[in-house]
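Sequential numbering from 1 along the given sequence is applied to the chain's residues. Predicted model, so just to flag it, every value in this text is computed and none were measured.
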Amino acid sequence: MGADQHLDWMGAAASALSWWQDAGVDMLVDDAPRDWLAPLSPEPAAPLGTSPGGIATQALAVAVPALAMPETLDAFVAWRTGQDVPEASWRGISVAASGPADAAIMVLADCPDKDDGDAGTLLTGAAGRLFDRMLAAIGLSRDAVHIAAVCARRPVAGRMPVEVEERLADIARHHIGLVAPKRLLLLGNAASRAILSAEMPGTRGSLHPFNHKRGTTQVVATFHPRFLIEKPVAKAEAWKDLQLLMGDWPA
């Protein structure tokens, strides 16, 4: 019985070691003790295996913080279509935000549509024409609103890659803070997730406060015009969202 227990223990230990090896851990102990709760050293990490800490030190070295974003709107809009953004390596054309810097209403979509790159502006084609009618129904036009997208370029199949979603959301939030609109209209699921951290249509039907450096913006989520083209029955609900967007403005 004792021998069987000994073999079971050895088997379990071997299995655990194999799991850690598959996970990339190739050393069990350090040559010297290490205070893992101490502040990180500002010095660059040494190559793997040449200093105490070895593999852990190298892992910390590659966790480079995201580059700082410009703090003025003009500089940010130029930076947004440059080479320091998550989608810079994607195929296609980056489409810049447009509209007044001091717009009372900002519109945030998910990404450019297929024809937007050639047109050089967001929300073109059939979806854009419906969007223009939606604005006209509440007494607005493109000239009066600031229009942007979570992605500056269209991702493959129109879907935002999960691995860059949070970074793109941070960029969109920064953009909103620079414009500091009174109201923000989110078009579709991706925009709702980026700003409200929740899916649309679950975020529909109420005003959501979004806090930023320059104050608070009231947020309304609704369907993207391309969805309304496919599902016209949802237009009645979208109209309620537009009425909510324009009702009872904050002082």
Do [X] and [Y] have side-chain heavy atoms sitting under 4.5 Å apart?
X      : Y      : value
His224 : Leu123 : yes
Phe227 : Leu187 : no
Met200 : Leu186 : no
Ser98  : Leu122 : no
Ile171 : Trp79  : yes
Ile138 : Trp239 : yes
Leu245 : Ile105 : yes
Phe210 : Ile176 : yes

Measure the [atom1]-[atom2] distance between [X] and [Y] for me, rounded to the nearest 0.5 Å.
X      : Y      : atom1 : atom2 : result
Arg80  : Met69  : CZ    : CE    : 9.5 Å
Met106 : Leu108 : CE    : CG    : 5.5 Å
Asn189 : Glu199 : CG    : CD    : 4.5 Å
Arg204 : Asp241 : CZ    : CG    : 4.0 Å
Asp102 : His146 : CG    : NE2   : 10.5 Å
His175 : Ile195 : NE2   : CD1   : 10.5 Å

State whether the side chain of [X] and the backbone N or O of [Y] hold a donor-acceptor pair below 3.5 Å, judged by distance alone.
X      : Y      : result
Arg214 : Leu178 : yes
Ser192 : Ala221 : no
Thr81  : Ala96  : no

Exercise. Does Arg167 come within less than 4.0 Å of Glu87, counting only side-chain N to carboxylate O?
Worked result: no
Exercise. Under 4.0 Å between a Lys/Arg side-chain N and an Asp/Glu carboxylate O for Asp132 and Arg129?
Worked result: no
Problem set entry | Worked verdict on Arg183 versus Thr217 for side-chain contact (heavy atoms from CB on, under 4.5 Å) | CA-CA 5 Å; Arg183 293 276 166 91; Thr217 292; 5.5 Å; no
Shortest non-hydrogen contact from [X] to [Y]?
X      : Y      : answer
Pro155 : Pro161 : CB-CD, 4.0 Å
Val150 : Ala194 : CG2-CB, 4.1 Å
Val179 : Ala103 : CG1-O, 4.2 Å
Ala191 : Ala109 : CB-O, 4.1 Å
Leu130 : Pro225 : CD2-O, 3.5 Å
Cys151 : Leu168 : SG-CD1, 3.7 Å

For this session: Apply the test side-chain contact (heavy atoms from CB on, under 4.5 Å) to residues Leu242 and Leu244: give CA-CA distance (whole Å), side-chain angles for both, the deciding distance (0.1 Å), then the verdict.
Result: CA-CA 5 Å; Leu242 294 178; Leu244 179 63; over 6 Å; no
Exercise. Applying the salt bridge (charged side-chain N to carboxylate O under 4.0 Å, His left out) test to Asp110, which of Arg153, Arg193, Arg159, Arg226 qualifies?
Worked result: Arg226
For this session: Kindly indicate, with the supporting measurements, whether the criterion side chain to side chain donor-acceptor pair (under 3.5 Å) is fulfilled by Asp115 and Thr124.
Result: CA-CA 7 Å; Asp115 297 331; Thr124 61; 5.3 Å; no
Exercise. Between His174 and His212, is a ring pair (Phe, Tyr, Trp, His ring centres under 6.0 Å) present by the stated rule, with each step listed?
Worked result: CA-CA 8 Å; His174 184 75; His212 48 79; over 10 Å; no
Problem set entry | Intermediate values then yes/no, salt bridge (charged side-chain N to carboxylate O under 4.0 Å, His left out), Arg154 and Asp116 | CA-CA 9 Å; Arg154 182 174 177 81; Asp116 290 356; over 6 Å; no
